[in-house]
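Structure first, commentary second.
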Amino acid sequence: VQWVTVCPCVSFEAEKHAGVSCVTASMDDIQFEEAARVGQIISIKAKVNRAFKTSMEVGIKVTVQDVLTNVEKIVSLAYATYVAKAVDAGKIELEPVKLLSTEDHLEHTLAIERRRIRLDYEQVFQNLMQESNKEGDYCDTFEEEDAVSTDLTHVQSIELVQPPHANHHGNTFGGQIMAWMETVASISASRLCRSYPTLKSVNMFKFWGPSVVGDRLVFNAIVNNTFQNSVEVGVRVEAYNCEEWIKDQARHINSAFLIFNTVNDKGQLVTFPRIKP
């Protein structure tokens, strides 16, 4: 997960097109088709599919190659939204992408549809959250034998952003935040399955604000629900500088939902227990 946005080739493609520094604004839902293992070769390719007014979509293809069999498989196809941001300046307008091949034209056309879906998806989620917060919509009675309380799955972690975690402008790498989120979410999920869960997808990963070197990032993860052979873990990330830390004034910079499953010794999917709020 970390390499998807930390890998220099991804940000390089965005900055090459913009001509200035770029920051990650959001990641579309990421699905993992294959698992990469120790000793295998991972390749990451990135390309700017389309430039909008002040943002651009970068397509990312991750493959894994077995050095013994020479077989190459696709791990994931991901789409990141980058915003061009010059030093001490606001957002800048981007030049259109030059389309040189049939594939370029296809991705250029699909990018506008993905952007529309992205915006609609965000609005639907916000509406859903507003509806669920209305008084009387939530039922506080839950009775099921052997159901596990979600309180047991809560995990909190605090990380200090240091220079290796940030780009040349001091902004924390989006991929580094994703990696820390995966760690706390994996621990949360493991408290249900009593095993090592495997990450299958990352959903609704969006940056609401930046974090920089010196910030303390607080990660809170908890299981939201289980679906027989998979589990959804919600992670919220808050940032504090030194002054905010003393005053307990958090900045909500990111949230995401991570889906895990796990297999037993026979390679069969493990069934997760039901949970109760």
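The other residues sharing a hydrophobic cluster with L68 are I41, V67, where clustering joins ILVMFWY side chains under 4.5 Å apart.
For the residue pair H169 and S21, a side-chain donor N or O sits within less than 3.5 Å of a side-chain acceptor on the partner. Counting only N and O atoms by type, the side chains of E232 and N224 include a donor and acceptor under 3.5 Å apart.
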Practice problem: Go through L77 and I60 one step at a time and tell me if the side-chain contact (heavy atoms from CB on, under 4.5 Å) criterion holds. | Solution: CA-CA 6 Å; L77 296 173; I60 307 166; over 6 Å; no
Self-check item: N229/T271 under side-chain contact (heavy atoms from CB on, under 4.5 Å): CA gap, chis, key distance, verdict
Solution: CA-CA 5 Å; N229 298 130; T271 300; 3.7 Å; yes
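A salt bridge does not link D66 with K73: every distance from a Lys NZ or Arg NE/NH1/NH2 to an Asp or Glu carboxylate oxygen is 4.0 Å or more.
When all heavy atoms of F32 and V202 are compared, the closest pair comes out as CE1-CG2, 4.2 Å. Considering every non-hydrogen atom in both F272 and N261, the closest pair reads CE1-CA, 4.1 Å. Looking at every heavy atom in both residues, A36 comes nearest to I42 through CB-CD1, 3.7 Å.
The side-chain hydrogen bond (donor to acceptor under 3.5 Å, both in side chains) test applied to N70 returns Q65, not counting sequence neighbours. Under the rule for a side-chain hydrogen bond (donor to acceptor under 3.5 Å, both in side chains), K98 has no partner lying at least two apart in sequence or in another chain. With sequence neighbours excluded, no residue forms a side-chain hydrogen bond (donor to acceptor under 3.5 Å, both in side chains) with E95. For N49, the side-chain hydrogen bond (donor to acceptor under 3.5 Å, both in side chains) criterion is met by E57, not counting sequence neighbours.
Between H252 and W208, the two ring planes are tilted [angle within 30° to 60°].
Screening residues 37-48 for side chain to side chain donor-acceptor pair (under 3.5 Å) gives K47-D104 as the qualifying pairs, with residues at least two apart or on separate chains.
Put simply, OG1 on T226 and CD on Q228 are 9.5 Å apart, with the number rounded to the nearest 0.5 Å. One distance of note links NZ of K206 with CG of D28; it measures 10.5 Å at 0.5 Å rounding.
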